[in-house]
Amino acid sequence: MRRGDALLSLVLLTGCATGPSLENRGAVTAPPGDSKHLTIGSAGFTESDLLAQMYALLLDQAGYKTSMLTVANRELYEPALEFGQIDVVPEYAATFADWLNAKTHGADAPPVGSPDLATTMKALRSLATPRGLTVLDPGRAVDQNAFAVTAAYAGRHHLKTLSDLGASRLPVRLAAGDECVQRPYCEPGLKKTYGIDITGVDPKGVGTTQAKRAVQSGQDQMVLTTTTDATLDEFGLVLLADDKQLQNADYIVPVVNRSRAGSEGVIKAIGKVNDVLTTADLASMNQQVDSWRRLPEDVARTYLKDKGLLK
């Protein structure tokens, strides 16, 4: 049985639980634990793999023994994190805050993530702490939704920001996921916040090759992608700045199980990468894995050595 299958079975056995039971909630205020054997979780996509590898390498150097575990579904890995089956995962501040909020207060609860990082972190920690989770300080890197057009299109219409596109009154067909028509950060937000004339959403996915090619060919005018997308140049695309902060503060934050990995040793080790890692750094590493076919562990190790964080 693969380790991922073992975890899946274990999580399913506890699937009805949503965190420490009420009689055990007081335990989350106990001194943080410092297990010397830690499991680092990854959500199974390139960026999450890279971050998890960097956490593991730094923890190994700090004297911990680590193992890696990939669980692509947040509905599975978050409960596993609460119950100590996973000890550390990389997360995204606003997205994780909204996810925990929906889990705590129901799917119809108003979102708590916002473009303001401090507000988002306050909400996130208030939701995470009762579940026995500690959210470490955010780093400098942020992976937000972003919108790109061709460089030629931007040059022809003098576009640098989403506000410029709205002011241009150009009709825009948007390549994105099919949920874009309802998500406030996507079609509704582009119309309301920027006055962009979205004539339709072409459901080709978020930042997929198919979506980028649709914009490259002129079939669509803009694509929904992310700020750490390192392949834009390959398609002749450029990002338009989100100058009115439509997108939420999805800064990268390590989240740990407090009872096993909430110690100062863990926080200090992981914090080293948060101090130096930028959005551009992360985009570059994504490119090395996705376009150059390098292994995430090799890319992570090289980066940490280049920054003087790994011997």
Side-chain angles (χ1 to χ4, degrees), residues 45 47 74 91-103 105-124 127 138 141-150 153-154 157-208 210-212 214-215 219-229 232 235 237-253 279 282-283:
F45 56 93
E47 188 167 289
R74 187 180 275 116
E91 262 294 356
Y92 300 88
T95 296
F96 196 44
D98 283 338
W99 195 89
L100 286 180
N101 188 49
K103 182 176 180 178
H105 301 296
D108 295 330
V112 295
S114 78
D116 183 78
L117 178 59
T119 300
T120 297
M121 288 297 297
K122 182 178 180 181
L124 173 55
L127 290 160
V142 57
D143 188 353
Q144 294 171 307
N145 292 297
F147 297 91
V149 299
T150 66
Y153 183 85
H157 298 291
H158 309 290
L159 307 176
K160 292 185 177 180
T161 67
L162 290 171
S163 287
D164 292 338
L165 182 57
S168 74
R169 304 301 180 194
L170 292 165
V172 175
R173 181 173 164 86
L174 175 64
D178 53 10
E179 72 279 3
C180 177
V181 296
Q182 297 178 323
R183 295 287 176 87
Y185 67 80
C186 204
E187 180 183 359
L190 292 172
K191 288 180 174 180
K192 181 179 180 180
T193 302
Y194 289 107
I196 297 174
D197 180 16
I198 304 294
T199 60
V201 173
D202 189 3
K204 286 184 164 57
V206 179
T208 63
Q210 185 183 20
K212 292 170 192 170
V215 176
Q219 177 183 341
D220 299 328
Q221 288 70 51
M222 187 162 68
V223 60
L224 170 62
T225 183
T226 67
T227 52
T228 58
D229 187 335
L232 296 178
F235 298 90
L237 304 177
V238 294
L239 293 179
L240 296 181
D242 179 21
D243 53 308
K244 292 185 178 178
Q245 293 189 315
L246 172 63
Q247 303 305 319
N248 284 341
D250 260 332
Y251 283 76
I252 292 166
V253 289
T279 303
L282 200 48

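Bear in mind the structure is a predicted one, so any value in this text is a computation, not a measurement. Residue indices begin at 1 and follow the sequence shown. As a basis for the values below, the full set of heavy atoms in this structure was taken, side chains included, without hydrogen atoms, waters or symmetry mates.
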### Task
Please lay out, stage by stage, how Arg74 and Phe96 fare under the test side-chain contact (heavy atoms from CB on, under 4.5 Å).
CA-CA 9 Å; Arg74 187 180 275 116; Phe96 196 44; 4.0 Å; yes

### Task
Drop me the distance from Ser168's OG to Ile196's CD1, to the nearest 0.5 angstrom.
8.0 Å

### 4.5 Å side-chain heavy-atom contact, Asp164 and Asp243
no

### Query
Would you say Asp250's side chain and Thr95's backbone share a donor-acceptor pair under 3.5 angstrom?
yes

### Summary
All heavy atoms of Asp220 vs all of Ala175, minimum pair found to be OD2-CB, 3.4 Å

#### Entry: Nearest non-hydrogen partners of Ala141 and Leu282, listed with the distance
CB-CD2, 4.5 Å

### Summary
In Leu174, Asp202, Val223, the residue satisfying side chain to side chain contact (heavy atoms under 4.5 Å, CB included) with Val215 is Val223

### Summary
Heavy atoms of Ala249 and Ala93 approach each other most closely as O-CB, 3.4 Å

### Tyr251 atom OH, over 12 foreign heavy atoms within 6.0 Å
no

### Task
Find the distance between NZ (Lys244) and NZ (Lys192) and round it off to the nearest 0.5 Å.
12.5 Å

### Query
To the nearest 0.5 Å, how far apart are OG1 in Thr120 and CG in Asp98?
8.0 Å

### Rounded distance [0.5 Å steps], CD in Gln247 versus CD in Gln245
10.5 Å

### Query
Are the side chain of Gln221 and the backbone N or O of Val149 linked by a donor-acceptor pair below 3.5 Å?
no

### Message
Tell me whether Thr279 contacts the main-chain N or O of Val142 through its side chain, where contact means a donor paired with an acceptor under 3.5 Å.
### Response
yes

### Task
Would you give the length of the straight line joining atom CG of Leu170 to atom OH of Tyr153, rounded to the nearest 0.5 angstrom?
4.0 Å

### Query
Thinking salt bridges, do Lys191 and Glu187 make one under a 4.0 Å N-O criterion?
yes

### Message
Side chains of Tyr194 and Asp242: any donor to acceptor distance under 3.5 Å?
### Response
yes

### Phe147 and Leu190, any side-chain heavy atoms less than 4.5 Å apart
yes

### Query
Taking all non-hydrogen atoms of both residues, which atom of Arg173 and which atom of Gln219 are closest, and how far apart?
CD-O, 3.7 Å

### Message
For Cys186 versus Leu224, what's the shortest heavy-atom pair and its separation?
### Response
SG-CD2, 3.9 Å

### Sidechain-backbone polar pair: Asp229 side chain, Thr226 backbone, donor-acceptor under 3.5 Å
no

### Summary
Minimal heavy-atom distance between Val181 and Val201, with the atoms involved, is CG1-CG2, 3.7 Å

### Message
Is there a side-chain contact (heavy atoms from CB on, under 4.5 Å) between Leu240 and Thr161? Walk through the geometry before answering.
### Response
CA-CA 4 Å; Leu240 296 181; Thr161 67; 5.7 Å; no

### Query
Is the shortest heavy-atom distance from the side chain of Leu162 to the side chain of Met222 under 4.5 Å?
yes

### Query
Can you find a pair of side-chain heavy atoms, one from Asp143 and one from Tyr92, that are under 4.5 Å apart?
yes

### Query
In Å, rounded to the nearest 0.5 Å, how long is the span from CG of Leu100 to CG of Leu127?
6.0 Å

